[in-house]
Colleague: 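Let me give you the structure first, and then I'll get to my questions.
For the numbers below, each heavy atom of this structure counts, side chains included, while hydrogens, waters and symmetry mates do not.
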Amino acid sequence: MQTYKLKFNHVEMSKRMAHIVQQLDPICAKVKEILDLELRKSTKVSIIGNRPKTTPAIIEPELFGRDAEKKDIVDGITVGKYCADGLTVLQIVGPGGIGKTTFTQHVYQEVKSSFDVMIWVCISLNFDANRLAREIVKNIPKVNGETENAIDEELIEQRIKHKRFLLVLDDVRTYHDDEWKKLLAPFKKGDARGNIIIVTTRISETTTAGKIADHSINLDRLGPEDFMHLFEAYVFGHQQSWKDHPELLNVGREIVVHLKGFPLAANTVGRLLRNQLTLGHWTRVLESKEWELQSSEYDIMPALKLSYDYLPFHLQQCFFYCALFPEDYEFCNEELVHLWIGLNILDSCDRRRRLEDVGLCYLNDLVNLGFLKENMKKDGSPYYVVHDLLHELAVKVSSSDCLSISSSNVRYVQSSPSIRHLSIIIDARDVNDRMTFEDFKRDLSTLPEKLTVENLQTVMLFGRFHGSFAKTFGDLFAEAKALRVILLSEA
């Protein structure tokens with residue numbers, strides 16, 4: 001077996017990194033220049049750009065056990081109670097992994113013909129009205145007579161006037177009342193009937209989310225019969241069934257009990273079991289000690305960790321580094337593969353096989369095993385998303401090597417000389433508020449006291465305003481002599 005070796009000059013790369021961080025503004029032009037230079041020199045340092053922008057589409061083709069809830073919403077939107085009002089806010093509530101996004105995707109696709117404008121935005125932990133308005137306005141077609149140089153809120157108001165719209169705010173886990181009112185303001189001015197805003201939110205946010213919604217639907221765990229059908233679909237696909245493997249049925253039923261009726265758990269564990277349809281393999285999964293760590297009826301993290309433990313080592317490594325990216329990050333395939341190449345975790349026994357092709361095979365394996373979801377953009381190109389609970393798993397299993405920081409957690413970072421991979425996420429609010437800006441810069445400057453900068457192999461910067469921290473980053477990374485990967489993203 002021949003191992004692929006990186007030819008890497010630590011001193012030279014340290015000088016390049018120092019130059020890059022000093023030139024972060026304007027960021028995009030510099031990244032393109034550096035990328036072209038590195039490709040011409042055939043070095044093995046990966047410099048990765050921005051993520052793609054996307055639109056929603058159904059990932060799971062069949063919806064199990066949600067017919068009554070879906071019919072209630074679809075009927076209300078198309079012919080019923082949501083048609084008469086000017087604007088209705090409807091929340092879909094449930095714990096992480098229960099299938100809120102999948103459910104809403106099916107509703108979204110089924111009611112398309114009832115709306116003039118359809119918008120889908122993923123929120124996660126960053127509920128910022130200005131950011132959301134900027135993203136929303138990009139997804140509404142322009143109209144004649146728009147005001148030149150209008151702010152985003154004014155453009156939204158002008159573009160939805162006289163039009164019926166559906167706006168989905170997916171995965172709202174935190175929000176501020178003032179931000180919510182600011183975001184809602186232009187949508188309240190629409191004069192069409194039957195406008196809808198659907199908010200999906202976790203069960204822990206029920207009290208908070210209840211203040212913003214006119215109607216609410218709770219998604220609970222799937223019932224035993226529906227869940228067994230879903231589990232069967234993940235294990236066997238549409239080619240086989242329990243009839244073809246009757247010896248696995250009883251063990252399968254016992255495993256299903258541990259999955260607590262959560263579709264995400266059925267997805268990862270079902271695909272794990274699909275790899276070996278043998279009684280021995282299924283029994284080992286059933287008897288795993290990981291199940292004993294379940295802390296509540298809503299805890300599916302042990303099921304996800306068990307699926308990770310059974311991954312081949314090379315796929316564990318590839319999934320491991322997803323912890324460095326923000327939650328709900330939308331990857332293009334080149335971005336992930338270039339990251340893996342830069343970290344030297346792809347290995348090809350066949351010298352005629354390109355490392356890019358090896359990486360694409362690994363990416364496909366992670367999709368097939370349920371650790372990444374694949375979707376398509378309007379132009380037909382793929383993009384990939386990690387479910388937020390699987391992202392939480394990646395953070396957990398990589399905590400000794402990977403660290404992702406933001407203004408909310410930087411001061412609480414514990415000293416850890418083992419950290420080799422660092423990402424920094426900068427929110428617009430970290431720059432817009434002067435006090436927050438100064439505090440964040442001060443906290444960032446203390447990082448060399450908490451980790452060994454000389455040992456960093458990966459540095460990732462996320463956010464539109466990391467140029468504001470150019471001097472801070474220049475001082476922080478001046479001693480980074482072991483860098484393999486630099487990622488600069490405006491996402």
Colleague: Rounded to the nearest 0.5 Å, what separates atom CG in Leu346 from atom CD in Gln317?
Modeller: 9.0 Å
Colleague: Tell me, please, which residues at least two apart from His421 pass ring-ring contact (aromatic ring centres under 6.0 Å, His included).
Modeller: Tyr321
Colleague: Sub-3.5 Å donor-acceptor pair from the side chain of His338 to the main-chain atoms of Val485, do we have one?
Modeller: no
Colleague: Contact between Leu166 and Trp120 at the side-chain level, heavy atoms closer than 4.5 Å - yes or no?
Modeller: no
Colleague: For the pair Phe231 and Trp242, name the ring-plane relationship: parallel under 30°, tilted 30 to 60°, perpendicular over 60°.
Modeller: parallel
Colleague: Measuring from atom CG of Leu389 to atom CD1 of Ile98, what distance do you get when rounded to the nearest 0.5 angstrom?
Modeller: 10.5 Å
Colleague: Mind running side chain to side chain contact (heavy atoms under 4.5 Å, CB included) on Lys305 and Leu293 for me, showing each step along the way?
Modeller: CA-CA 10 Å; Lys305 176 61 163 55; Leu293 300 177; over 6 Å; no
Colleague: Do Ile197 and Leu184 come within less than 4.5 Å of each other through their side chains, counting heavy atoms only?
Modeller: yes
Colleague: Please give me the minimum heavy-atom distance between Ala192 and His162, naming the atom from each residue.
Modeller: CB-C, 4.2 Å
Colleague: Name the orientation class of the two ring planes belonging to Phe236 and His245 (parallel below 30°, tilted from 30 to 60°, perpendicular beyond 60°).
Modeller: parallel
Colleague: Can you see whether Thr88 engages Asp214 through a side-chain donor-acceptor pair at a distance of less than 3.5 angstrom?
Modeller: no
Colleague: Pairing donors with acceptors under 3.5 angstrom, does anything connect the side chains of Asn130 and Lys182?
Modeller: yes
Colleague: Distance from Trp180 atom CH2 to Leu132 atom CG, nearest 0.5 Å?
Modeller: 10.0 Å
Colleague: Within the distance-only criterion (no hydrogens, no angle test), does the side chain of Asp171 pair as donor or acceptor with the backbone N or O of Ile123 below 3.5 angstrom?
Modeller: no
Colleague: Apply the side-chain contact (heavy atoms from CB on, under 4.5 Å) test between Pro302 and each candidate in Leu304, Asp299, Ile300, Leu306; give the one that qualifies.
Modeller: Asp299
Colleague: Would you call Glu135-Arg131 a salt bridge at under 4.0 Å N-O?
Modeller: yes
Colleague: Here's a test for you: under side-chain contact (heavy atoms from CB on, under 4.5 Å), which of Thr104, Val93, Val172 qualifies with Thr200?
Modeller: Thr104
Colleague: Less than 3.5 Å apart, any donor N or O on the side chain of Lys112 or Gln109 sitting next to an acceptor on the other?
Modeller: yes
Colleague: Within 45° of the axis and under 6.0 Å from the centre of the six-membered ring of Tyr234, does NZ or CZ of Arg271 qualify?
Modeller: no
Colleague: Looking only at heavy atoms, what is the nearest atom pair of Leu167 and Val121, with distance?
Modeller: CD1-CG2, 4.4 Å
Colleague: Begin with the C-alpha distance, continue with both residues' side-chain angles, and end with the deciding distance and a verdict on side chain to side chain contact (heavy atoms under 4.5 Å, CB included) for Lys142 and Arg159.
Modeller: CA-CA 6 Å; Lys142 294 181 179 180; Arg159 293 181 185 183; 3.3 Å; yes
Colleague: Considering all heavy atoms of both residues, which atom of Leu90 and which atom of Tyr82 are nearest to each other, and what is their separation?
Modeller: CD1-OH, 3.8 Å
Colleague: From Ile198 CD1 over to Ile73 CD1, what is the distance, rounded to the nearest 0.5 angstrom?
Modeller: 6.0 Å
Colleague: Can a side-chain donor-acceptor contact be found between Tyr329 and Glu335 if the only test is distance below 3.5 angstrom?
Modeller: yes
Colleague: Using ring centroids (six-membered ring only for Trp), state whether Trp340 and Tyr362 fall under 6.0 Å.
Modeller: no
Colleague: Are Arg221 and Tyr298 in a cation-pi setup, meaning NZ or CZ lies under 6.0 angstrom from the ring centre and within 45 degrees of the ring axis?
Modeller: yes
